[in-house]
Amino acid sequence: MQPRKTILLRRVPKHLIIHIKRFTPTDTAAGIQYRKMNEVVDFPMFNLDLTRFVQSDDKESKFLYDLYAISSHYGILGAGHYTACCYNPLYLEWIQFDDNLVKPKIEINGTYGYLLFY
């Protein structure tokens, strides 16, 4: 039998921020160096459901989150670049913020996602 660890929440926050680990230490002859991990991480844009992780007396409640922003990292540790995409509910579209460039974003990509804001 495999051991299993379960974490249950007593309550959930109004806003949820998920940090995706994108750098991993690697032991080299020159010492510890950090390697960028570019694996695609699938995450829901809408209805992230935490209901099964919440210990509540109210069995009817659903604990759902919608993604409203994502911070992405491009490049390597120490020489990377960060951008942000935020959902504009007024126009029902994603907007990309990249330094002084602001433009509509067509697709949200899970390859570079670093921080997810629900």
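- Between atom CG of residue Asp98 and atom OG of residue Ser72 there is a gap of 10.0 Å, rounded to the nearest 0.5 Å.
- Under the 4.5 Å side-chain heavy-atom criterion for grouping Ile, Leu, Val, Met, Phe, Trp and Tyr, Ile17 is not connected to Val54 through any hydrophobic cluster.
- A distance of 5.0 Å separates OG1 of Thr24 from CE of Met37, quoted to the nearest 0.5 Å.
- Side chains of Asn47 and Tyr65 form no contact here, defined as non-hydrogen atoms less than 4.5 Å apart.
- Close placement of the His19 and Tyr114 rings is indicated, their centers lying within 6.0 Å of each other.
- Pro25 and Ile32 make their closest contact through CB-CG2, 3.8 Å (heavy atoms, listed as atom of the first residue, atom of the second, distance).
- Using a 4.5 Å heavy-atom cutoff, the side chains of Tyr74 and Thr83 are in contact.
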request  = Dump the intermediate steps for side-chain contact (heavy atoms from CB on, under 4.5 Å) on Asp27 and Gln33, then the final yes or no.
outcome  = CA-CA 6 Å; Asp27 198 7; Gln33 296 186 348; over 6 Å; no
Tyr82/His73 under ring-ring contact (aromatic ring centres under 6.0 Å, His included): CA gap, chis, key distance, verdict = CA-CA 5 Å; Tyr82 291 91; His73 180 270; 4.7 Å; yes
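- Tracing side-chain contacts under 4.5 Å through hydrophobic residues (I, L, V, M, F, W, Y), one never reaches Tyr34 starting from Ile20; they form parts of separate clusters.
- At least one side-chain heavy atom of Tyr87 sits less than 4.5 Å from a side-chain heavy atom of Leu92.
- How far CZ of Arg52 is from CG of Leu9: 11.5 Å, rounded to the nearest 0.5 Å.
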Test log, rule side-chain contact (heavy atoms from CB on, under 4.5 Å), inputs Leu67 and Trp94 = CA-CA 11 Å; Leu67 188 70; Trp94 286 88; 3.9 Å; yes
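- Taking CG of Leu50 as the reference point, atom CG of Leu8 lies at 11.5 Å (rounded to 0.5 Å).
- Inter-residue side-chain proximity for Asp66 and Leu64 is flagged as unmet; no heavy-atom pair is nearer than 4.5 Å.
- Looking at Arg22 and Val41, their side chains come closer than 4.5 Å, going by heavy atoms from C-beta outward.
- Here the side chains of Pro13 and Tyr118 are not in contact, with every heavy-atom distance at 4.5 Å or above.
- Once rounded to the nearest 0.5 Å, the distance linking CG of Asn38 with OG1 of Thr111 reads 7.0 Å.
- The line from CD1 of Ile95 to SG of Cys85 is 9.0 Å long, rounded to the nearest 0.5 Å.
- Within the 4.5 Å cutoff, the side chain of Phe43 has no heavy atoms near those of the Leu48 side chain.
- Heavy-atom neighbours of Phe46 CZ from other residues, nucleotides or ligands within 6.0 Å: above the threshold of 12.
- Leu115 has its side chain out of reach of Ile18: every pair of non-hydrogen atoms, C-beta onward, lies at least 4.5 Å apart.
- Between Phe117 and Tyr68, the two ring planes are tilted [angle within 30° to 60°].
- With Asp49 contributing its side chain and Thr51 its backbone, the two residues share a donor-acceptor pair below 3.5 Å.
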